[in-house]
Amino acid sequence: MSKRSDPRLIERVLRGEHAAASRALSLVIDEAPEADALSKAFFPKSGSAQKIGVCGPPGAGKSSLTSRLVAHYRKQKLKIGILAVDPSSPISGGAFLGDRLRIQEHAMDPGVFIRSLANRGMIGGVSYTIFGAMHVLEAWGCDKIIVETVGTGQDEVEIGKVADTIVYVTTPSMGDEIQAMKAGVMEIGDIFVVNKSDLHGSDKALSDLRSAMSLGRTHEAKPWEPPVLGTSALTGKGVDELGKALDDHWTHLKKSEEGRRRLREQHKEELSLYISRRVYRSALDKISDRNLDDLVEHKIDPASLGTKILKK
Amino acid sequence: MESKPFRVLIAKPGLDGHDRGAKVIVRALRDAGFEVIYTGIRQTPEMIAQTALQEDVDAVGLSLLSGAHMTLFPQITKLLKDRGLKDVLVFGGGIIPDEDVAKLKKKGIDQVFGPGTPLTTIVDYLNSRLPSVKKK
């Protein structure tokens, strides 16, 4: 652990050093003892960058679209951080982190920082330490942070409490408007994207999605109506429009109460993750072999034992 | 407390596109509990070093079948050192003649695995080498 601690780490991250940011990310992600000090030092910078959550089913093109978006932002000289989350194996604990492969063309760009994360057992598309990781990238100087979630199914909405703007990515072959009417991820999107719009059926997919969205419309115009856009990560078509929609949403958040409301939600989620991780880990450390034997022999029940352990 | 998984970058430098071997290694390491990053074919030494830095990996595995290992492997170990990544374990595999292995080891390649190496050999190697390298 000694070689990992560097008294100047915080200031080196703030100065924008890649190596320092990388080390700080590891300390935070591994929940090392130094993580609390880092979190404290970096928190004042939080809220400065637009945190963009990219979610959608596996294979929709989230990584490829992210790569296009990075190129779009780099034309504007914005500094970009990418946190790409992929699933950990529930069996081995290992992971294959493959999102980076699609974004790798930006590897040598000094204004881009890419980090692959394994979700390490957290369901919902992100990892327990996602907030800490975002704080490091905010301190490193990012203007935009793109969080690419685990390719998810229908109800992994955790990203909605993590990012400022949620981009839901789907493809022309993901089903009709009935799919788009279901509860879950379809409710948290701020921008909907039908990617792979170079493929057959994209017009129908766009209109299905738009008509499903319009079912929830009332006569009063909402301050933000989620746009439905067509993109092709393959050709780059529609990426500028997506960039514009993201800018519009960021402006909307800053101008309305919604921005503050979302920040409060995010901080609440960060706090509750922190507390539950701390309680969970310290409680689990207290479980002894004796406790387990007692359970097997029915000397005590899990509820009574659990209460006792939490009181210890 | 649960221990954190080791992170390994599997990289294919140079121009050969034969990545089945690399993918087999990726899969074996994933199943052995490693977090594995794979960046695809045709990576430059600079891209590999920069990826190792941003991902803060514990080890880099290089796969090469084109014969350019004597040029590319030492470039990569040098670039890693230039970036301050002195404690990253570098190992290689692919079509590497025996007479080159000793020379590569002098250039910072810790171990070379030839065709037919059992996957468990590589997993055991990482599990035994990594804890000692990281403690330094």
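Values reported hereafter were calculated over all heavy atoms of this structure, with side chains retained and with hydrogens, waters and symmetry mates removed. Convention: sequence-line order gives letters A, B, ...; per-chain numbering from 1.
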**Prompt:** Hey, are the side chains of B:K4 and A:I29 touching, using non-hydrogen atoms and a 4.5 Å cut-off?
**Reply:** no
Flag, side chain of [X] to backbone of [Y], donor-acceptor distance under 3.5 Å:
| X | Y | answer |
| --- | --- | --- |
| B:T39 | A:R100 | no |
| B:E55 | A:S116 | yes |
| B:Q54 | A:V112 | yes |

Are there more than 12 heavy atoms of other residues, nucleotides or ligands under 6.0 Å from atom [atom1] of [X]?
| X | atom1 | answer |
| --- | --- | --- |
| B:D82 | CG | yes |
| A:L295 | CG | yes |
| A:R278 | CZ | no |
| A:D289 | CG | no |
| A:K286 | NZ | yes |
| B:R83 | CZ | yes |

**Message:** Tell me the closest heavy-atom pair linking B:E35 and A:A118, and the distance in Å.
**Reply:**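 Shortest heavy-atom contact: OE2-CB, 3.2 Å.
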**Asked** Which atom names give the shortest non-hydrogen contact between B:P5 and A:G93, and what distance separates them?
**Response** CG-O, 4.1 Å
**Asked** B:F34 versus chain A, heavy atoms under 4.5 Å apart: side chain, backbone, both or neither?
**Response**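 When you check distances to chain A, only backbone atoms of B:F34 fall under 4.5 Å.
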**Region of B:R7 that comes under 4.5 Å of a non-hydrogen atom in chain A** =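 Just the side chain, heavy atoms under 4.5 Å.
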**Message:** Using heavy-atom distances under 4.5 Å, tell me whether A:L284 contacts chain B through its side chain, its backbone, both, or neither.
**Reply:** neither
**Request:** Please state whether the side chain, the backbone, both or neither of A:R120 comes within less than 4.5 Å of a heavy atom of chain B.
**Result:** side chain
Rounded distance (nearest 0.5 Å) linking atom [atom1] of [X] with atom [atom2] of [Y]:
| X | Y | atom1 | atom2 | answer |
| --- | --- | --- | --- | --- |
| A:H106 | B:Q50 | NE2 | CD | 14.0 Å |
| B:D56 | A:H18 | CG | NE2 | 14.0 Å |
| B:I41 | A:Q104 | CD1 | CD | 12.5 Å |
| A:S92 | B:D31 | OG | CG | 5.5 Å |
| B:Q43 | A:L101 | CD | CG | 7.5 Å |

